[in-house]
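One structure is given here, and the rest of the page talks about it.
Model, not experiment: these values are computed from the prediction. The basis for the numbers below is simple: all heavy atoms, side chains too, and nothing from hydrogens, waters or symmetry mates. Lettering follows sequence order; numbering is per chain, from 1.
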Protein chains: 2
Amino acid sequence: MDIVGDGGHAALVQLQAYLAQMDLSGETRLPAERELCESLGVSRGDLRKALAVLEKDGRIWRHVGKGTFVGSGPVEETIGISEIAGRTNPADVMRARLIIEPEIAREAALHATLDDIAAMRKSLAQTREAATWRQYENIDNLLHRQIAEASSNKVLLGLFDVLNAVRRTVVWGRLRSDGARPPADHHSFEDHERIVEAIAERDLAGAATAMRLHLLQVGRRLIPVHEAAE
Amino acid sequence: MDIVGDGGHAALVQLQAYLAQMDLSGETRLPAERELCESLGVSRGDLRKALAVLEKDGRIWRHVGKGTFVGSGPVEETIGISEIAGRTNPADVMRARLIIEPEIAREAALHATLDDIAAMRKSLAQTREAATWRQYENIDNLLHRQIAEASSNKVLLGLFDVLNAVRRTVVWGRLRSDGARPPADHHSFEDHERIVEAIAERDLAGAATAMRLHLLQVGRRLIPVHEAAE
DNA sequence: TTATGAATCAATCGCGGATTGGTTAAACCA
DNA sequence: TGGTTTAACCAATCCGCGATTGATTCATAA
């Protein structure tokens, strides 16, 4: 059966049979090349040629130090925040916030429990009592995350956490260090109240709009506008 | 200077001075409690009380095994995909896709270069030539990611990658194993063409709408509808 | 009763060896 | 000489064990 001079093809056939057997066992990782080539009775060179064919076809994927796996590609288990933050800028972060946070607020208006709303109102009151900018920003962070939690969509919550981590990394060092407390007429106070009120009243569109307007206000302060017409 | 019976306050004062000195040095991690309490000449209990005050205030944050750091909170460096995927379901994933992918398509229509569009059209042609469902899904993945890359917004691209990884983990095991190839009248072919065409023509709203309709089609197949009226 | 310090716990870090895919070169055979 | 196999080596990753660290408990003493 083993045709001399065409060991590559024989190895490919054996490998496909091996994969078919492994597919239904549920296992995704296949043995190391050094073991597999001996187990199949082919040279490592031929085995690697066959593996290369299957990899180009998308049936398997390999990585140094990890092994060879069946599947279309490596499901990246962890996402590096600094890798994202290092190649972006505050403007892009704000665009992303403007895209997902209003929709998160909309979902929150649909799914928030009474406990969720009570927690938001508690944070709302605490923002007005904050004695320093640092405390205020902490509570502000908490409030925005409470809204994301209230959406009851773990995926949106995860995306929010990623976005939040990127934002905090990007604006690293720009934190307000003046010890003053937020002024009583700070626009965010009313913004936050409108958002929470819309969520409490199950006003889906209102919650999304209020969140969008709030973020636009924040962005206006973050990125100075030079147009006098603004 | 050290008032007996009020070691807690003395420790707090010393700690604040220490933090002020460290703030301008740029270092964020402060020594271990066992060293610091000896260095400041206070008991560990008093030091921990002072640290607790500063932590509640948001000036520092601590974690077992890591240490104590200045700053409002731990900037999570990595996000675990499986942690998100393990607590969600395909419906929530689809909701998240419906929120961000149309907006990504809109940004792509605004920022895509000619090279980006050429790459998309190349993938578009390859989807029709796919010999197996596995190949088709690989190219489909690639096309969607090319659109995210064309948005030229690294944050949106990062969020897309997270969402994609979650999606692939959630639907793990549901991959189409029948070796047949996608039918020539598969709805995604026309959907994809409309999306790319809208991006090429810089039709922002059209790109977003086309992407949303495409995802609705995909979701309709993913989650069987029971209403006959549909 | 209160405060102090030591002991202990669980989570994390860090380093060294083992494993793995990728690459190169020597050995081998026809 | 030409092609194949085998072995050795490389860099990236994993894994296990000891050290470190914040959190907790408890005995001791003032």
Salt bridge (charged side-chain N to carboxylate O under 4.0 Å, His left out) involving B/Arg145 - partner list, sequence neighbours excluded = B/Glu149, B/Asp161
Within this structure, what is the CD-to-C1' distance between B/Glu55 and D/dT21, rounded to whole angstrom?
-> 14 Å
If you round to the nearest 0.5 Å, how far is CD1 of A/Ile99 from CG of A/Leu159?
-> 12.0 Å
Is a donor on one side and an acceptor on the other found under 3.5 Å between the side chain of A/Arg29 and the backbone of A/Lys66?
-> yes
Interatomic distance, B/Leu36 CG vs D/dT20 C1' [rounded to whole Å] = 16 Å
Nucleotide D/dG22, atom C1' - distance to CG of B/Leu47 in whole Å | 11 Å
Indicate, with a heavy-atom threshold strictly under 4.0 Å, whether B/Gly45 touches base, sugar-phosphate, or nothing.
-> nothing
Taking atom P of D/dT13 as reference, at what distance in whole Å does atom CH2 of A/Trp61 sit?
-> 11 Å
Provide, to the nearest angstrom, the distance between the NZ atom belonging to B/Lys49 and the C1' atom belonging to C/dT4.
-> 10 Å
Just jot down the salt bridge (charged side-chain N to carboxylate O under 4.0 Å, His left out) partners of A/Asp191, sequence neighbours excluded, or say none.
-> A/Arg194
Quick one: what's the B/S/- string for nucleotides 25-30 of chain C, heavy-atom cutoff under 4.0 Å, read 5' to 3'?
-> ------
Looking only at D/dT21, C/dG22, D/dT24, the nucleotide nearest the A/Arg44 side chain is C/dG22
Side-chain N or O of B/Arg48 closer than 4.0 Å to phosphate OP1/OP2 of D/dA23 = yes
Apply side chain to side chain donor-acceptor pair (under 3.5 Å) to B/Arg87 and list each qualifying residue two or more places apart in sequence or on a separate chain.
-> none
Salt bridge (charged side-chain N to carboxylate O under 4.0 Å, His left out) partners of B/Glu193, counting only residues at least two apart = B/Arg128
From C/dG21, C/dT4, D/dG22, pick the nucleotide closest to the side chain of B/Asp46?
-> C/dT4
Send over the distance from A/Leu51 CG to C/dT20 P, rounded to a whole Å.
-> 14 Å
Taking only side-chain nitrogens and oxygens of A/Ser43, does any of them come within less than 4.0 Å of OP1 or OP2 of D/dT4?
-> no
Identify, with sequence neighbours excluded, every residue that meets side chain to side chain donor-acceptor pair (under 3.5 Å) alongside B/Ser39.
-> none
Counting only side-chain N and O atoms of B/Thr68, is one of them less than 4.0 Å from OP1 or OP2 of D/dG22?
-> yes
Distance check: side-chain N/O of A/Arg62 vs OP1/OP2 of C/dT20, anything under 4.0 Å?
-> no
Taken to the nearest whole Å, CD/B/Glu38 to C1'/C/dG5 is 12 Å
Take the protein atom CZ of A/Phe69 and the nucleotide atom C1' of C/dT20, then report the distance between them rounded to whole Å.
-> 10 Å
Should the ring pair B/Trp61 and B/Phe69 be called parallel, tilted or perpendicular, given that the plane angle runs from 0 to 90° and is split at 30 and 60?
-> parallel
Check nucleotides 9-16 of chain C for protein N or O atoms closer than 3.5 Å to its own N or O atoms and list the pairs.
from, atom 1, to, atom 2, distance (Å)
C/dT12, OP1, B/His63, NE2, 3.2

Taking only residues two or more places apart in sequence, or in another chain, which ones meet A/Glu103 in a side chain to side chain donor-acceptor pair (under 3.5 Å)?
-> A/Arg106
Counterpart residues, salt bridge (charged side-chain N to carboxylate O under 4.0 Å, His left out), relative to B/Arg48 (two or more places apart) | B/Glu33
